[in-house]
Participant: 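I'd like to ask you about the structure that follows.
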Amino acid sequence: MMKRRSSTYDLLRDHGVDRRTFLKFCTTITAAMGLESTMVPAVVAAMENKPRIPVIWLHGLECTCCSESFIRSSHPIAQDIVLNMISLDYDDTLQAAAGEQVEEIRKRIMKEHKGGYLLAVEGNAPTKDGGVYCTVNGESFLDILKETAADAKAVIAWGSCASHGCVQNAKPNPTGAQPVKKVITGKPIINVPGCPPIAEVMTGVLTYILTFDQLPELDRVGRPKMFYGQRIHDKCYRRPFFDAGQFVESWDDEGARKGWCLYKMGCRGPSTYNSCSTFKWNNGVSFPIGSGHPCIGCSEENFWDNGPFYQRLSAIPVPGIESTPDQVGKTLTVLTGIGVGAHLVSHVARSAAKSYSKESAPPAGGEEERK
Amino acid sequence: MANSAYRPLETGCNYGRKYVWELPVRVSHWVNAVSVTMLFATGLYISDPILAPNGEPYQHFVMGRARQMHFLFGYLLLFSFLLRVYWFYAGNNYARSGFPRVWKACWWKDVRGQGLQYLRLERGHVHLGHNAIAGLTYTIFVIFLGWFQILSGLALYSESNPGGFWDKMVGWLIPLFGGSFTLRMWHHTAAWGFVVFVIPHLYIVLYDDRQYKNGLISSMLAGFKFYERNDLDHDRWIS
Ligand code: HEM
Ligand code: HEM
Ligand code: SF4
Ligand code: SF4
C-alpha cells in the first residue's frame, strides 16, 4: 500500500481519544484475555505500532445481534476504539459505502492483502438449492463466503450462527443452513459462539490476534480457551446454593426471592461454556442468571433443539420418541416388570397344576436340600 | 483335561462341587452391585434434587454430597471394571464363560435351548459357567452399558477441571455426542438400562437357584457351584 498502514493508536489519536483512556482500555482488555498485568506493555506496544489487521466482515443468514453486541463493547467510552481497533475495511452493514462500490472494496482488499486479511463471518450459509435462500447482490452467500475465505489468513466465526448454526440450523432446517466450519475447510477457524457473543469477548479475540500476531489457543470445538474454557456453572455466583441443594422451584417462590440456584428451572449453566458469569453483560451490569433467569445455553451447539428451556432435560433426540429419559426409563421398567411378573405367575400356576395332578404320587426330589 | 473338571468325584459319588467364581470375580460382582445401585440413586437425585434445606447455603451440602457420593461410587465402579477386565484374561475359564461366542454353533444352540427352557418353564441342565443368555445380557447391559456410563460420566466429571487428566482422556466424548447437554441426557437415559437389567437378573437368579438347587446364589459369595451326575449342560464353548 501507499504508506505504512496506521496503527490502532494512530487512529484513536485522530479521533481524539486521550492517552489515559487508551491505556485503561489496554489494561482492561489484557485482564479480559486472562493475561498477567505484566503483559499490559506488550498490548500497548502492539496497539501503538502494529499496523491494524485488515478485516472483511461478511453477513450471511443472521439477525445482526453480533454486530449489535460488538458496537456496544463496553469499556472505552468512545466506541470508536472498537470500530477502529481493527481496520474494518468491509462490513456491508456498518460501512458508509453502498452498492457496487462495496463489492469493489471487498475485491480490492482480497487482492491487496491476499493471505493477510481476516475474514469475520456473522451468520451462516444456507446450502440447499444452491444457496438461493441468502443472496447478496445476486450472488449466493455460500459462494461469496467460499470465495472470500479462499485468500483469508483465518476465519472468525462470530456468534452461534457462524459457529454452530443457531436457529437457522435448528430442526427441521428448511434452508440447509450450515455453520462456517461445515462450509470452509483448510483454513483456521475461530469459533466465537454466543447469541450474541459478549462484546468484550469479541474485542478480546481481536486484540489477542493483533497483539501476538497469532491465533488464540482453541479448545476441541475451536473456541478460544481463554473465554470459553469454563462453564457458566463453575463461575456462577449462585453456585453455593447449588451445592447446598437450595433451588428455585417456581418463578415466584421464596427461593426465587432469595436468589437460589436456577438448576431446576432448566438452567443450562452446567453444560454451557461462556464468560457470562465473569464478564457479565452491558458493561458488567448483570447477566441472565443475575436477573433470575436460567441460562439457556446460547453458546452451545443445538441449543434451540435442546428445549424446552425451562426443563432440565429435553426429549430424547431420536425421531419418533417424544419423551424424556425418565419417561422412557419408567416405561421400560414397567414393561420388564410385567414380563417378569408374567413369568412368575405362569410358573406358580404351572407348579400348582402339577402338584394338583400328582396329588396321589409321593413328592419328588425333596432330599437334595442340604444348604 | 477339561472333561475331568466336570466329572463327578472319582469315587463314583453322584454329587460334585466345583470352584467356579474366583475371588476377583466375586469381589467385582458385589462392588458392581453396590456401586450401580448407589450410582442410580444418587444420579436420579442429581437430576431432580427434591430435598429443600432451609437456611443459609453454608449450613448445607446436600447436592454437593450427592454428587460426591456419585463420583465416589463412579470411581469404585471404574476400578471394579478394570479388575474384571484383567481377570477376564488372568482368571479361569469360567471368568470367560459369559463372552458371547456368536461364531460358535454350540453357543447359539444354548441361547435357543436356554430361551425355550425359560419360556416353557422347564428345568434344564446346570451350567457351571454362565449360560449363553446370561452371558449375553451381562455383555450388553453391564459391560457395554457400564463402560458407556463410566466413560460418559468421567467426561461430564472432567468438565469441572478443563485441561485436566480426565479431560485429556475422555473429554473428546463431549463434542462427539453433540455437547455436554446431550451427553448428560444419554448418561441419564442409559442409567435406566441398569434397572431394566437388574429386575430380570434378580428374578432369574432366584428362579434358577430354586430350580437347580445348585447353590447358584451362594456361588457368587463363596465361589462354589454344586452339580449332580448327568445334570451338567457343559458350557461347551469355554473349554
Ligand atoms: C442382591 C443382588 C444380586 C444377586 C443375588 C446377584 C447374583 C448373581 C449371581 C448368582 C450371578 C451368577 C449367575 C450365573 O452363574 O450365571 C451373578 C452374576 C452377575 N451379576 Fe449379579 N446379583 C445381584 C445384583 C447384581 C447387580 C445390581 C448387578 C449389576 C448391575 C449384577 C451384575 C452381575 C454380573 C455382571 C454378573 C456376571 C458376573 C461375572 O461374570 O463377572 N448383579 N449375579
Ligand atoms: C451405573 C452407572 C451410573 C449411573 C446409573 C449414573 C446415573 C446418573 C444420572 C441419572 C445422572 C443425572 C443426569 C442428569 O439428569 O443430569 C448422573 C449424572 C452424573 N454422573 Fe453418573 N451415573 C453412573 C456412572 C457414573 C460414573 C462412573 C461417573 C464418573 C465419575 C459419573 C459421573 C456423573 C456426573 C459428573 C454427573 C453430572 C453431575 C452434575 O453435573 O452435577 N456417573 N449420573
Ligand atoms: S444458576 Fe445455573 S449456573 Fe448458576 S449454579 Fe445454578 S445451575 Fe449452575
Ligand atoms: S447466560 Fe447462557 S444463555 Fe445467557 S448469554 Fe450467557 S451463555 Fe447465553
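Letters A, B, ... mirror the listed sequences (proteins, then strands); counts begin at 1.
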Participant: Search all heavy atoms of G55(B) against all heavy atoms of W260(A) and return the closest pair with its distance.
Facilitator: O-CZ2, 4.4 Å
Participant: Regarding K264(A) and D48(B), does a basic nitrogen lie under 4.0 Å from an acidic carboxylate oxygen?
Facilitator: yes
Participant: Would you check if N302(A) and F181(B) make a side-chain contact, meaning some heavy-atom pair closer than 4.5 Å?
Facilitator: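 No. Closest side-chain heavy atoms not under 4.5 Å.
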Participant: With a 4.5 angstrom heavy-atom cut-off, which part of D234(A) approaches chain B: side chain, backbone, both or neither?
Facilitator: side chain
Participant: NE2/H347(A) to CD/Q211(B) distance, rounded to the nearest 0.5 angstrom?
Facilitator: 5.0 Å
Participant: I'd like to check F247(A) versus P49(B) (side-chain heavy atoms, cut-off strictly below 4.5 Å). Are they in contact?
Facilitator: yes
Participant: Less than 4.5 Å apart, side chain to side chain, heavy atoms only: is that true for W192(B) and T333(A)?
Facilitator: yes
Participant: Does a side-chain heavy-atom distance below 4.5 Å link S160(B) with R231(A)?
Facilitator: yes
Participant: Is the shortest heavy-atom distance from the side chain of K258(A) to the side chain of E56(B) under 4.5 Å?
Facilitator: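 The answer is no, as the side chains (C-beta and beyond) never meet within the 4.5 Å cut-off.
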Participant: Give me the atom names and distance for the closest heavy-atom approach of Q230(A) to P162(B).
Facilitator: CG-CG, 4.0 Å
Participant: So P270(A) and E159(B), do their side chains get closer than 4.5 Å, heavy atoms only?
Facilitator: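 They are not in side-chain contact.
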Participant: I want to check something: taking the side chain as every heavy atom from C-beta on, are H343(A) and I204(B) in contact at a cut-off of under 4.5 Å?
Facilitator: no
Participant: Under 6.0 Å from the CE atom of M69(B), do we count more than 12 heavy atoms belonging to anything else shown?
Facilitator: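 Atom CE in M69(B) is not packed in, count stays at 12 or less.
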Participant: Measure distances from L44(B) to the heavy atoms of chain A and classify the residue's part below 4.5 Å as side chain, backbone, both or neither.
Facilitator: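 Contact with chain A involves the side chain of L44(B) alone.
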Participant: Is there side-chain contact between P57(B) and D243(A), with at least one heavy-atom pair below 4.5 Å?
Facilitator: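 SC-SC contact between P57(B) and D243(A) ruled out.
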Participant: So which part of D219(A) gets closer than 4.5 Å to some heavy atom of chain B, the side chain, the backbone, both or neither?
Facilitator: neither
